[in-house]
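Data block below; observations after.
Computed from a predicted structure; not experimentally measured. Nothing fancy with the numbering, it's 1 onward along the sequence. First listed ligand is number 1; within each ligand, the first listed atom is number 1.
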Amino acid sequence: MAPRILLINPPIYDFTAYDFWLKPYGLLSIAGYLRGRADFKLFDYLDREHPFAAGQKKLESDQWGRGRFYCEQIPNPPCLEAIPRYFRRFGLPRNLFRDFLTKEGPFDFALIQTTMTYWYQGVREVIEDIRGPQPQAKIVLGGNYVTLCSNHAQELGADLLVRDTNLEPLWEYLGIEPDLTQPGLWEAYRKLKVGVLKLSDGCPFRCTYCSVPKVYGKYKARPLQRSLAELELLCRLGVENIGFYDDALLFEAEKVLFPFLNEIIKRDIKVNFHTPNALNARFITKELAELLVRAGFKTFYLGFESTSSQWQNRTGSKVFSEELVRGAEYLVAAGAQPTNITAYQILGHPHSDIQQLEASMRFVNGLGIRGMLADFSPIPGTPDGELCRQWVDMAEPLMHNKTAFPIILLGLEETNRLKDLQRQLNLKLPKPAPY
Ligand code: B12
Ligand code: SF4
């Protein structure tokens, strides 16, 4: 008999969380490789199409499929007590999962997605809730937290940790041969409006604040046919918006992205694409900008971080100011709405002294595009994360929290001032024209 496998995307414990095209893509990809070889059930605490969340006005999606999660306020964890922000549990209520287990169990395996390192409390909650009623279920953890904080993750009491991108230990443990040509198991959702795609793994840059180069090694394109099959599957399921999770979506575009976009246009696929994980403006050419817009890209997030050349050079030189200017110009000329183009800038980076953040914010605003402050999360094993040991206990993943770190480094007043300034600058931009 095929093994019964429970897939879980845990709730989030954090100060803030917003459904910015969030899907448990690693988990769904793995389940896809096992399609037809196991009996799957999915419980996604962050599924806003779940009947509990779907009817609630305040949880409704915006025009691109983003929206708020259901949440409950809870006390700050002791190590974050000094952070004057409300701490919350985001996601479906705990009793829904307990009822689900009673109704749908028993399971042979429970596979749990882990994402941000500082979100491990949700993973712990899920493990606790499975252990009681389902003692026979073997619990497997994989994803970012397990990879970056293996020692810490070991203490949560799972049966297997799948680190990095090597999935051999997982196939061996489950005793199933995967079919690596299969797309993600998106049909596990009963209703789906937002999907995710990834055309490549890794990144050719080595930014000092990022873990991607170390975890993924060399940049590698994924097979085009598999990506197209995944896109077709998402469209068949009724998806309207798709976010790309690539770290370097525009790298070697002529080999990877161009063929993909041309195929979308040829097949007349109508779906809105988004790039929450940031594009590199260096690679935006006139031709590429036009193709992106024609293929249906609607929102463009560009990784910029700072206008200071000293800061740029010190952190990996991924993009320079003139490249942002040119990239934004090409996108606008191709028909992208300026207010749907956003440049991310890090807030609370350990080299804030040379970042000239306020000048960078004004520079971005001067281009007529939106700015967004990306709160810095120190990541263990990265040069900048290691630097942060002087301010926080990096062995406690809660201290990697992106809301907390800028406040610890810059102070509450300065953090609030910069956030207010960003809001004011964005308000000065013209309102987007309706689509
Ligand atoms: C997509 C993404 C996002 C999305 C949201 C993702 C989500 N679902 O929550 C967005 C754009 C919103 C986002 C935001 C942020 N992110 Co982010 N993000 C990523 C990214 C690119 C992918 C994460 C992911 O979904 N992986 C799953 C899939 C896509 O990975 P995969 O390669 O197919 O998975 C393989 C293995 O890992 C394994 N696997 C994966 N999952 C599972 C599960 C199981 C059960 C098993 C067995 C195996 C397994 O199997 C796969 C096959 O090889 C990573 C970088 C990266 N490349 O990993 C950063 C990353 C996770 N983000 C990071 C950061 C810093 C942030 C921000 C703080 C940035 C900012 N300042 O705004 C915010 C925080 C948001 C918040 N609310 O706190 C850091 C981690 C920080 C941390 N402390 O953990 C990362 C690692 C990037 C980096 N700079 O190093 N992010
Ligand atoms: S370009 Fe982006 S993904 Fe690549 S190393 Fe820099 S921050 Fe990480």
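Protein atoms that are N, O or S and lie under 2.8 Å from atom 6 (Fe) of ligand 2 are these: Cys207 SG.
The presence of a protein heavy atom under 4.0 Å from atom 23 (C) of ligand 1 is ruled out. Within a 4.0 Å radius of atom 26 (N) of ligand 1, the protein contributes no heavy atom. At a distance under 4.0 Å, a protein heavy atom can be found next to atom 55 (C) of ligand 1. The nearest protein heavy atom to atom 67 (C) of ligand 1 is not closer than 4.0 Å. There is no protein heavy atom closer than 4.0 angstrom to atom 10 (C) of ligand 1.
In summary, the aromatic rings of His351 and Trp311 are positioned with their centroids too far apart to meet the 6.0 Å limit. Side-chain rings of Tyr301 and Tyr344 approach one another, their centers coming within less than 6.0 Å. For an aromatic pair to be called close, the ring centres must be under 6.0 Å apart, and His152 with Tyr120 satisfies this.
Between Tyr25 and ligand 1, no N or O atom pair is found at a separation short of 3.5 Å. The distance criterion of under 3.5 Å between nitrogen or oxygen atoms is met by Tyr216 with respect to ligand 1. The N/O atoms of His400, backbone and side chain alike, include none that comes under 3.5 Å of an N/O atom in ligand 1. Distances between N or O atoms of Thr16 and those of ligand 1 include no value under 3.5 Å. Considering backbone and side-chain atoms together, Asp375 places an N or O closer than 3.5 Å to an N or O of ligand 1. At under 3.5 Å, a nitrogen or oxygen of Ser377, whether backbone or side chain, sits near a nitrogen or oxygen of ligand 1.
Residue contacts with ligand 1 for Arg222 involve side-chain atoms from C-beta outward but no N, CA, C or O (heavy atoms, distance under 4.0 Å). Within the 4.0 Å heavy-atom criterion, neither part of Tyr18 lies near ligand 1. At a 4.0 Å heavy-atom cut-off, ligand 1 touches Lys402 through the side chain alone. Heavy atoms of Lys23 found under 4.0 angstrom from ligand 1 belong exclusively to the backbone. Under 4.0 Å from ligand 1, not a single heavy atom of Val196 appears. Contacts between Ile379 and ligand 1 below 4.0 angstrom, taking non-hydrogen atoms only, involve the side chain exclusively. Heavy atoms from both the backbone and the side chain of Thr117 come within less than 4.0 Å of ligand 1. The backbone of Ile112, and not its side chain, has at least one atom closer than 4.0 Å to an atom of ligand 1 (non-hydrogen atoms only; backbone = N, CA, C, O).
By the 6.0 Å and 45° rule, Lys138 does not stack over the aromatic ring of Phe107.
Under the 30°/60° scheme for interplanar angles, the aromatic rings of Phe244 and Phe273 are found to be tilted. Using cut-offs of 30° and 60° on the angle between ring planes, the pair His349 and Tyr209 is perpendicular. Below 30°, between 30° and 60°, or above 60°: for Phe87 and Tyr13 the angle between ring planes is between 30° and 60°, a tilted geometry.
Partner Tyr45 forms a ring-ring contact (aromatic ring centres under 6.0 Å, His included) with one of Phe52, Trp119, Phe97 and no other, that one being Phe97.
Scanning the protein heavy atoms around atom 78 (O) of ligand 1, the nearest turns out to be Tyr118 OH, 2.7 Å.
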